[in-house]
Structures are given as structure tokens and as C-alpha cells.
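Down below is the structure, laid out as C-alpha cells.
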Amino acid sequence: VAASLAIHDPPYNMAVFDIRDIGDYLEWCGRWLDAGDAVLGPDASLYLWLGADQKQGFQPLADVILAMRARDWTSRSLITLRNQRGYGTQKNWMAVRQELLYYTRGNPNFFVEAEYTDIPKKVKGYYKDVGGERLENTARGRADTIRAGNVWTDIQQVFYRMEENVEGCFAQKPLAAIERIVRASSAPGETVIDFFAHSGTTLLACECLDRRCYTMDIEPVFCEIAIR
């Protein structure tokens with residue numbers, strides 16, 4: 001059965017704590033993207049977690065965005081997960097964001113209900129005539145809460161004092177973020193792939209949401225963590 005969704009969180013151009021040549025990094029990305037393309041169906045969604053190194057010309061995010069133009073995927077959104085804790089500096093803006101690229105091919109599902117947060121609507125305005133009645137935006141909306149949009153401020157990044165934190169998994173993504181992606185871009189019973197298991201968050205999200213997940217990791221320690 002072809003997969004309908006891929007969620008990948010590759011190393012951000014780091015190999016044993018050394019930065020690769022960006023050409024080598026893109027060539028490596030192309031290999032695992034090709035492997036993913038082979039098992040994804042004609043109507044599929046692709047999410048890529050990537051970083052933008054402020055000291056290295058914002059690579060690899062900018063380079064991967066340009067490289068993706070040559071692939072059979074349509075860009076849909078650049079999502080930012082806003083961290084509540086950042087990397088402090090007195091000589092630059094504090095780094096508090098995680099970048100998530102969203103692509104599609106064909107005509108995959110997008111379940112907008114998954115985008116709604118627990119944040120109540122507070123700002124009224126944006127009046128529009130609907131059926132002869134002039135309504136403001138809170139009256140026209142489908143819910144009393146706001147949609148996450150492409151800047152996610154309602155999800156806490158994982159850090160060591162949180163219950164879901166897995167020791168040694170420094171790139172761990174929040175379960176709530178992965179569940180949002182899974183709910184929005186797949187249906188129960190469908191297949192999700194993740195080539196960088198790390199802490200096993202995608203596997204856990206799919207288990208909770210009744211999706212089939214195929215995940216892997218080149219590092220045996222992370223495979224053991226995901227299994228546990």
C-alpha cells in the first residue's frame with residue numbers, strides 16, 4: 001500500500017558535528033527523497049523539518065527550498081513552530097523558531113479541522129455580507145477558536161523538564177506538532193513514512209491516531225529508543 005504522508009526530520013547538515021559541503025548535503029538529501037518518492041502514492045503530502053543556520057547563510061533551509069523546485073512536488077507552506085525557549089545572544093535576535101516545509105503532489109487530502117487550536121477568537125472585524133446579512137469574522141467562522149495558520153505558537157517545544165522528553169534525543173519534535181500534521185494530511189488507516197525515527201514521535205503519533213507507520217533510523221540507539 002502506497003504511503004499518503006511523509007514526515008522527515010533529517011540532520012540539519014551535520015555529520016558527527018562537522019558541517020558538510022552544501023553540495024554533498026543536497027546530494028545526500030536527494031537520495032532519501034528519491035527513496036521516499038518511490039513509496040509515496042500519486043496523491044501525497046511531504047513535510048520536511050529543516051533549520052536555517054544564521055551563521056552559515058541560512059543553510060540548509062534556503063538550499064533545500066531551491067533544490068525542491070526541481071522535484072515533482074508543489075510547495076504549499078513554510079510553517080514556523082515558535083519556541084518558547086530560545087538561544088540567547090546579546091548581539092542578534094534570539095533564535096526561537098523551527099522551520100517546517102509542506103509540499104504536495106497530486107490531490108491529497110487536507111483536513112482543515114486539524115488546524116484549529118484551543119486559542120479563543122478575540123479580535124472582531126473583517127465584515128462581509130453573507131446572504132444579505134453583514135457579519136464580522138467571529139460570526140462567520142466555523143469555530144470559536146483560531147486556526148494555527150503557518151505560525152504555530154500554541155505548541156511547546158520539547159525540553160528536558162517535560163514529561164515527553166526522551167533523554168539524548170536533542171532534535172525531538174513535540175508530539176502535538178506531529179499529531180497535527182498526521183491529522184491534517186492523512187486519514188485513519190493510511191500509511192505514513194518517516195526516515196529519521198530519532199525519538200519515535202511519528203511512530204507514537206500514528207499509533208495513537210490509527211495510522212500505519214514505517215520508520216527507520218541509521219543509528220541503532222535511536223532505533224532502540226523508538227521501539228521502547
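Connection of Phe110 to Ile79 is established within a shared hydrophobic cluster, with ILVMFWY side chains joined at heavy-atom distances below 4.5 Å, either directly or through further cluster members. Transitive grouping of hydrophobic side chains (ILVMFWY, heavy atoms separated by less than 4.5 Å) brings Trp32 and Val39 into a common cluster. The hydrophobic cluster containing Leu101 does not contain Phe58, counting ILVMFWY residues as joined when their side-chain heavy atoms lie under 4.5 angstrom apart, directly or transitively. Grouping the Ile, Leu, Val, Met, Phe, Trp and Tyr side chains by contacts below 4.5 angstrom, directly or via other members, places Leu78 with Leu50. Leu203 and Leu175 fall into different hydrophobic clusters, where Ile, Leu, Val, Met, Phe, Trp and Tyr are joined by side-chain heavy atoms under 4.5 Å apart, directly or via other members.
Closest non-hydrogen pair, Gly51 versus Pro60, comes out as O-CD, 3.3 Å. In terms of heavy atoms, Asp217 sits closest to Ala197 at OD2-N, 3.3 Å. Contact detail for Ala44 and Ala3: the closest heavy-atom pair is CB-O, 4.3 Å. Minimum heavy-atom separation, Arg183 to Phe111: O-CD1, 3.4 Å.
Below 30°, between 30° and 60°, or above 60°: for Trp49 and Trp152 the angle between ring planes is above 60°, a perpendicular geometry. Aromatic ring pairs are classed by plane angle as parallel below 30°, tilted from 30° to 60° and perpendicular above 60°; the pair Tyr25 and Trp28 is tilted.
With rounding to the nearest 0.5 angstrom, the CD1 atom of Ile178 is 6.5 Å from the OG1 atom of Thr201. Interatomic distance, NE2 of His8 versus OG1 of Thr215, reported as 9.5 Å (0.5 Å rounding). Gln56 CD to Ile22 CD1: the interatomic distance, rounded to the nearest 0.5 Å, is 9.5 Å. Between the NZ atom of Lys173 and the CG atom of Asp9 there is a distance of 3.5 Å, given to the nearest 0.5 Å. Atom-to-atom distance recorded for Ser4:OG and Ile193:CD1 is 9.5 Å, nearest 0.5 angstrom. Note: Ile65 CD1 to Ser75 OG = 9.0 Å, rounded to the nearest 0.5 Å.
Every residue two or more places apart in sequence or in another chain that forms a side-chain hydrogen bond (donor to acceptor under 3.5 Å, both in side chains) with Thr191 is listed here: Arg212. With sequence neighbours left out, the salt bridge (charged side-chain N to carboxylate O under 4.0 Å, His left out) criterion links Arg180 to Asp154. Residues that satisfy the salt bridge (charged side-chain N to carboxylate O under 4.0 Å, His left out) test with Glu99, not counting sequence neighbours, are Arg97.
Residue pairs meeting the salt bridge (charged side-chain N to carboxylate O under 4.0 Å, His left out) criterion with at least one partner in residues 22-36, sequence neighbours excluded, are Glu27-Arg31, Asp34-Arg71. For residues 191-208, the set of pairs meeting the salt bridge (charged side-chain N to carboxylate O under 4.0 Å, His left out) definition, not counting sequence neighbours, is empty.
Annotation for Ile119: hydrophobic cluster partners, listed by chain and number, are Ile146 (ILVMFWY side-chain heavy atoms under 4.5 Å, direct or chained).
Checked by atom type and distance alone, the side chain of Asp210 never pairs as donor or acceptor with a backbone atom of Pro188 at under 3.5 Å. Side-chain atoms of Arg105 come within 3.5 Å of backbone atoms of Leu40 as a donor-acceptor pair (strictly under, hydrogens ignored). With hydrogens and angles disregarded, a donor-acceptor distance shorter than 3.5 Å links the side chain of Glu115 to the backbone of Gly149. The main-chain N or O of Ser186 is found under 3.5 Å from a side-chain atom of Arg211 such that the two form a donor-acceptor pair.
At a threshold of 4.5 Å between non-hydrogen side-chain atoms, the residues Pro11 and Phe196 count as touching. No side-chain heavy atom of Thr153 sits less than 4.5 Å from a side-chain heavy atom of Thr117.
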Yes or no on side-chain contact (heavy atoms from CB on, under 4.5 Å) for Ile181 and Leu5, after CA distance, side-chain angles and deciding distance? CA-CA 9 Å; Ile181 296 169; Leu5 171 61; 4.3 Å; yes

Step by step, work out the side-chain contact (heavy atoms from CB on, under 4.5 Å) result for Thr202 and Val192. CA-CA 8 Å; Thr202 302; Val192 179; 4.1 Å; yes

side-chain contact (heavy atoms from CB on, under 4.5 Å), that's the test. Do Thr80 and Asn150 meet it? Break it down for me. CA-CA 6 Å; Thr80 294; Asn150 60 5; over 6 Å; no

Check the pair Ile155, Leu81 against side-chain contact (heavy atoms from CB on, under 4.5 Å), reporting the backbone distance first and the verdict last. CA-CA 8 Å; Ile155 295 177; Leu81 175 64; 3.9 Å; yes

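Within 6.0 Å of OH in Tyr214 there are 12 or fewer heavy atoms belonging to other residues, nucleotides or ligands.
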